[in-house]
2 protein chains.
Amino acid sequence: MKNITIKDIAKIANVSYATVSRALSGVPGVSDETRSRILKICEEIGYTPDYMARSMVTKSTKLIGLIVPDISNPFMSEMAFNIEQFAGESGYHIMLCNSVSSLEQEQNVFKLLMGRKVDGILIFPTGAQSHKLLEKYLDKIPVVFVSENLGSFHASYVTVDNFQGTSIGTEYLYSLGHRNILYFGRRASHKLRYEGYEAICKKYGLEPHFYESPYHTDSIKHGYDMAMDLFKANSSLPYTAIFASTDSNALGLLKACEEVGIRIPEDISMLGFDNIPYSGLPKIMLSTIEQPYKLMATAAVSMLIDKIDNPEFGYSHKILSPKLVVRSSCQKLD
Amino acid sequence: MKNITIKDIAKIANVSYATVSRALSGVPGVSDETRSRILKICEEIGYTPDYMARSMVTKSTKLIGLIVPDISNPFMSEMAFNIEQFAGESGYHIMLCNSVSSLEQEQNVFKLLMGRKVDGILIFPTGAQSHKLLEKYLDKIPVVFVSENLGSFHASYVTVDNFQGTSIGTEYLYSLGHRNILYFGRRASHKLRYEGYEAICKKYGLEPHFYESPYHTDSIKHGYDMAMDLFKANSSLPYTAIFASTDSNALGLLKACEEVGIRIPEDISMLGFDNIPYSGLPKIMLSTIEQPYKLMATAAVSMLIDKIDNPEFGYSHKILSPKLVVRSSCQKLD
DNA sequence: GGAGAATCCGTAAACGTTTTCGAGTATAGT
DNA sequence: ACTATACTCGAAAACGTTTACGGATTCTCC
């Protein structure tokens, strides 16, 4: 079963196959009359040009590699949805890869994606070392990180203002009367989130505390395990509030609290970060810092496409503003 | 900046580029000595073969198209994660497309994916008509549906046993003493789910009821909107239990109930379907029917790869068993 | 030592496009 | 009517691989 090619169409239309190519790709140099005739034939036959072959000569695949730690994380999947939609509007398709929160796997899929000759890569780095490890490829292919600037690296990125996010959050907790606040989650992957928290603590003369685990994932289960470890280590917690580094962590923490009988917010207040859809569920009602998903997604892909179109452009950064959304997981102390 | 090609490697290794190709693709016909020499050079130079060019001649892209209504839906993203992982192990990459629950968009991306010359397509159909609309392509490219058999169509599919799922669920509700159960959600996309419910109703002489909306999505928001419509139309509900067609719908319904002051499970019991991670959240504790995600994912991709390797194989079906997971959203009546 | 087999490798065609270059034809201007 | 110009189109090269075919070298065995 042979493939239908441009040559077959040419034969039917009684023109050279160069003409067919021109007609299809919309370049000038073919009369309107023959163009529409060719288009009609393609329609009838059901012919669509072969992207592969086209890419070989144009050097452009119209493919974007998307590397995420774990697509099942709602933050990632929400972003992925918007990214795919927006990229699609610009004629790009998405190749999805999970790094499974492993630096090694991240490197692997990155190289694989380069071998696939994607036009550019959008990456949610899995850890602080991602940038260092990937640095050597950054002049070979357009890359934009969806992440805060971890270390001083030269790369394009879009991110929410994590420092501002936790600053706002910590201020909020302080304004509610909290003086003993625990930061709960990995500091490595969100350095600035921790620092925003730390800065406000310092500002008010509070002692910053943190609890983190050696694990490298972000999920309900991870938050739960972490929390259980925390509870095991300390029979009673000296904190009045916990600021979780992500909503997923917070949700896991919530589950653990429920299990050991800690009431939210009566016994302890809780603040999250991300505002995933499930944080707004009734009875959960997690107060949190919202990331502007859609904005971030569109910024990321348009930044990447810019870089693809103008590789000489150097690096750009885009830092979006977070927003406090208060629900009912934080209590006013008096 | 020219690309490094197989010819450059050949020049350095002082062999013909055919030899390099053989060395890399692991086919016999090249001595171990030269092979390892070539491999070493590639390693040093950092050369990786161009998949595009390779695909042109081999007629195989090692690409799988994945069409989902909406990747931000946790059922989809959980499946997508497992699918990507499993496909990766077999050397396949994933091209992700959202049909945005639109039949038209679904057709578009399907055709686009065919133009991309993916080796096969994995599709979560957006509606009951998907199969009919896509039927004409089914002999052109290996496709497996992740969905129950909607209408008698000739295609491969893997699905959970939806009929059994809602049967178990309805039996459970009945055993708890419920005699007025509402089925809440689209019947079109999960025909068998409704029928399983209906069958058990008939079995016990219960009147089946359903409430569905014209919308074609599945999300918290959709469930919420639907529920609000329902409440607006009926000032008081004559049901003691609601069986939601998906957990997402159930969660939206939950939210709406909270808002209008209906308590779960005291005022009304609620059962979901899917068992997404958020159903197990404290305070939510939605009882539901669990789909075996991982099994379904692996079954789907191995079925698709089978079909890619043996196009003459015809169609296969795989129907996995669901499982009732009881939490605390259903109350025993007395 | 010589014939045949086995092994290793090079040549070249093929995959389906885009695009440069040039040829041919129609149109316009003087 | 003749040249200049614009327009339309065809021939062919190029993209980076794989692979069928055949040539050369080595090995094996009598």
Side-chain angles (χ1 to χ4, degrees), chain A residues 1-39 41-42 45-63 91 112 114-119 140-141, chain B residues 1-39 41-42 45-63 91 112 114-119 140-141:
Chain A
M1 174 167 110
K2 245 183 114 304
N3 254 327
I4 308 171
T5 79
I6 207 172
K7 298 195 182 184
D8 301 320
I9 305 294
K11 209 163 288 167
I12 299 173
N14 208 29
V15 293
S16 83
Y17 61 92
T19 305
V20 178
S21 169
R22 276 187 279 252
L24 287 174
S25 45
V27 299
V30 48
S31 67
D32 288 347
E33 190 255 332
T34 41
R35 162 162 294 150
S36 61
R37 187 163 53 92
I38 290 172
L39 255 28
I41 293 176
C42 291
I45 306 286
Y47 164 83
T48 52
D50 185 321
Y51 271 74
M52 294 285 156
R54 172 182 296 182
S55 298
M56 281 214 54
V57 15
T58 61
K59 299 274 167 223
S60 151
T61 54
K62 289 287 177 181
L63 239 31
L112 241 27
M114 284 184 65
R116 290 283 190 177
K117 295 286 180 293
V118 296
D119 288 345
K140 300 212 191 326
I141 184 169
Chain B
M1 174 167 109
K2 245 184 112 305
N3 253 327
I4 308 172
T5 78
I6 207 172
K7 298 193 181 184
D8 301 319
I9 305 294
K11 209 163 289 167
I12 299 173
N14 207 29
V15 293
S16 82
Y17 61 93
T19 306
V20 178
S21 168
R22 276 186 280 253
L24 287 172
S25 46
V27 298
V30 47
S31 68
D32 289 348
E33 190 255 334
T34 40
R35 162 162 294 151
S36 60
R37 188 163 53 92
I38 290 172
L39 255 27
I41 294 175
C42 291
I45 306 287
Y47 163 82
T48 52
D50 185 322
Y51 271 75
M52 296 285 156
R54 172 181 295 182
S55 296
M56 281 213 54
V57 14
T58 62
K59 299 271 167 227
S60 152
T61 55
K62 289 284 176 183
L63 238 33
L112 241 26
M114 283 184 65
R116 290 284 190 176
K117 296 286 181 293
V118 297
D119 288 346
K140 300 211 190 328
I141 183 170

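With values rounded to the nearest 0.5 angstrom, A:Ser25 atom OG is found 8.5 Å from A:Arg22 atom CZ. Distance check: A:Lys117 NZ to A:Met56 CE gives 10.0 Å after rounding to the nearest 0.5 Å. Atom-to-atom distance recorded for B:Thr58:OG1 and B:Tyr51:OH is 10.5 Å, nearest 0.5 angstrom. Rounded to the nearest 0.5 angstrom, A:Asp50 CG and B:Met52 CE are separated by 9.5 Å. With rounding to the nearest 0.5 Å, the separation of CG in B:Leu112 from NZ in A:Lys62 is 12.0 Å.
Within the helix from C:dG1-D:dC30 to C:dT30-D:dA1, the inter-axis angle between the opening and closing five-pair segments is 30°, rounded to 10°.
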Anything under 3.5 Å between a protein N or O and an N or O of nucleotides 4-7 of chain D, put it in a table, one pair a line.
none

Could you walk me through whether B:Lys7 and B:Val20 pass the side chain to side chain contact (heavy atoms under 4.5 Å, CB included) test, one step at a time?
CA-CA 8 Å; B:Lys7 298 193 181 184; B:Val20 178; over 6 Å; no
Would you please test A:Thr5 and A:Asp8 for side chain to side chain contact (heavy atoms under 4.5 Å, CB included) and show each step?
CA-CA 5 Å; A:Thr5 79; A:Asp8 301 320; 3.8 Å; yes
Side chain to side chain contact (heavy atoms under 4.5 Å, CB included), that's the test. Do A:Leu63 and A:Asp119 meet it? Break it down for me.
CA-CA 6 Å; A:Leu63 239 31; A:Asp119 288 345; 5.7 Å; no
Test side chain to side chain contact (heavy atoms under 4.5 Å, CB included) on A:Thr34 and A:Arg37 and set out the steps.
CA-CA 5 Å; A:Thr34 41; A:Arg37 187 163 53 92; 3.4 Å; yes
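Panel note: side chain B:Ser55, backbone B:Ser60; a donor-acceptor pair is recorded below 3.5 Å.
B:Ser55 comes within contact range of no nucleotide atom at all, as no heavy-atom separation falls under 4.0 Å.
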Produce a footprint string for nucleotides 15-21 of chain C: one letter per nucleotide, 5' end first; B if the base is under 4.0 Å from any protein heavy atom, S if only the sugar-phosphate is, - if neither.
BBBBBB-
